[in-house]
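Worksheet: the structure to be examined is printed underneath.
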Amino acid sequence: MNPRRALFLEEMGLTPLWRLKDRDAAAPAEEAPQRVAAASVAAASADAASPTVSAEDRAGRIARMDWGELKAEVAACTACGLRKTCTQTVFGVGDEQADWLLVGEAPGAEEDARGEPFVGQAGKLLDGMLAGIELKRGENVYIANVLKCRPPGNRNPEHAEVERCSPLLLRQVELIRPRLILAMGRFACQTLLATDASIASLRGRVHRYQGVPLIVTYHPAYLLRNLPDKAKAWEDLCFARRTMADLGAKA
Ligand code: URA
């Protein structure tokens with residue numbers, strides 16, 4: 001077994017049980033891909049920086065941006081109140097042409113301080129999870145969040161914040177054109193799939209976001225607090241890896 005993979009299994013508390021099994025034996029049987037209507041990302045009801053700019057105008061403007069413009073837009077964004085309380089925006093990190101796009105919720109304290117997603121405790125677990133499926137941050141992997149600014153005290157994102165920030169994530173998806181999205185946690189799943197359904201009910205099948213296969217799993221921070229669900233996350237990762245293997249090459 002590859003040492004990074006072994007390390008991940010150990011971190012996940014899944015050894016020796018999982019080591020004894022076939023690589024993907026724990027993955028759920030793949031169901032026929034289920035088409036979920038692509039989320040139509042509702043844009044902000046008002047642009048705080050320019051109140052005269054409608055949400056549609058703003059979303060349309062963002063939808064035409066290249067990487068440089070999008071990064072500048074995020075850095076200068078004041079579309080919701082979060083920029084007033086965070087240290088800096090956290091755009092996303094990784095290979096801009098990655099096959100894998102991982103989407104989390106919002107920066108926490110460490111991410112806010114360092115300007116990079118998933119660099120705290122949850123990030124350590126995420127790196128271990130990636131190693132478990134022979135992936136590495138930055139190598140054919142891009143990591144982004146639904147929100148680009150840290151909510152104070154790590155509170156849950158508010159609906160209006162998600163609405164205003166999601167055109168930025170949508171543009172990241174369009175620019176990356178990933179082959180597979182792994183949506184981690186309730187906010188990523190519910191935002192990308194435009195649903196209120198629980199993670200438990202969404203796991204184990206292939207959804208679609210703007211035509212891109214999307215697989216749902218638990219958020220790494222949740223897994224730190226809910227150890228029994230790590231085994232389910234491992235199933236999800238095996239399923240994601242197998243789904244990626246079944247996909248054709250990027251055009
Ligand atoms: N949790 C997230 O959802 N994103 C981060 O970047 C860090 C923690």
Side-chain angles (χ1 to χ4, degrees), residues 8 11-12 39 41 70-71 74-75 77 80 82-83 85-96 98 100-132 135-139 141-173 176 178 180-193 195 198-199 202-203 209 214-227 229-230 232-233 236-237 240:
F8 162 75
E11 264 185 45
M12 294 283 277
V41 176
L70 190 63
K71 286 174 188 171
V74 169
C77 185
C80 76
L82 290 181
R83 187 63 190 91
T85 51
C86 74
T87 307
Q88 60 185 316
T89 55
V90 178
F91 182 78
V93 71
D95 176 355
E96 293 175 354
W100 291 83
L101 171 61
L102 275 59
V103 181
E105 180 178 314
E110 292 245 8
E111 292 76 19
D112 180 66
R114 290 174 51 186
E116 182 173 332
F118 284 101
V119 289
Q121 281 307 306
K124 266 185 154 174
L125 177 59
L126 179 59
D127 287 342
M129 290 164 69
L130 288 174
L135 291 176
K136 197 169 177 199
R137 175 186 293 255
E139 291 180 11
V141 173
Y142 195 93
I143 305 175
N145 282 312
V146 173
L147 295 190
K148 311 303 186 211
C149 292
R150 180 191 182 206
N154 295 349
R155 66 156 168 76
N156 284 341
E158 288 174 1
H159 182 71
E161 292 160 357
V162 172
E163 273 195 341
R164 289 173 195 190
C165 224
S166 42
L168 302 163
L169 175 63
L170 170 56
R171 189 59 186 149
Q172 284 177 305
V173 178
I176 297 166
L180 191 141
I181 299 172
L182 186 67
M184 304 180 294
R186 180 160 69 93
F187 286 93
C189 300
Q190 294 184 345
T191 301
L192 293 171
L193 296 177
T195 177
S198 66
I199 302 278
L202 295 169
R203 290 180 54 245
Y209 173 70
L214 181 151
I215 287 174
V216 162
T217 194
Y218 294 104
H219 191 285
Y222 166 86
L223 294 174
L224 291 173
R225 300 186 306 268
N226 296 275
L227 303 185
D229 281 339
K230 280 185 171 180
K232 294 182 188 161
D236 298 337
L237 292 174

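First listed ligand is number 1; within each ligand, the first listed atom is number 1. The analysis underlying the following values was restricted to heavy atoms, covering all of them including side chains, and did not include hydrogens, waters or symmetry mates.
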Ligand-residue contact atoms, ligand 1 with [X], heavy atoms, under 4.0 Å:
X      : value
Gly104 : 3 (O)
His219 : 1 (N), 2 (C), 3 (O)
Glu105 : 2 (C), 3 (O)

Should [X] be counted as touching ligand 1, given the test is an N or O pair under 3.5 Å?
X      : result
Glu111 : no
Glu116 : no
Pro107 : no

For residues [X] and [Y], report the shortest heavy-atom separation together with the two atoms involved.
X      : Y      : answer
Pro151 : Ala106 : CD-CB, 3.7 Å
Leu223 : Ala233 : CD1-CB, 3.5 Å
Gly138 : Asp95  : O-CB, 3.7 Å

message: Can a donor-acceptor pair be found, under 3.5 Å and without considering hydrogens, that links the side chain of Asp112 to the backbone of Arg150?
response: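 Side chain of Asp112 to backbone of Arg150: no pair is present.
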
- prompt: Under 3.5 Å, side chain of Arg203 to main-chain N/O of Lys232, donor-acceptor pair present?
  reply: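 Indeed, once roles are kept as given, a pair shorter than 3.5 Å links the two residues.
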
- request: Verify whether the ring centers belonging to Phe187 and His159 lie closer than 6.0 Å.
  value: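 They do not qualify: ring centres at least 6.0 Å apart.
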
- request: Select the closest option to atom 5 (C) of ligand 1 among Pro117, Ala106, Gly108, judged by heavy-atom distance.
  value: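 The residue whose heavy atom sits nearest atom 5 (C) of ligand 1 is Ala106.
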
- prompt: Considering only the protein, which heavy-atom contact is closest to atom 4 (N) of ligand 1, and what is its distance?
  reply: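 Looking at atom 4 (N) of ligand 1, the protein heavy atom closest to it is Asn145 OD1, 2.8 Å.
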
message: What I want to check is whether the side chains of Gln88 and Lys148 have a donor and an acceptor closer together than 3.5 Å.
response: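 No donor-acceptor contact under 3.5 Å links the two side chains.
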
- request: Report yes or no: does a heavy atom of Met184 sit under 4.0 Å from some atom of ligand 1?
  value: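 The answer is no, since Met184 has no heavy atom less than 4.0 Å from ligand 1.
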
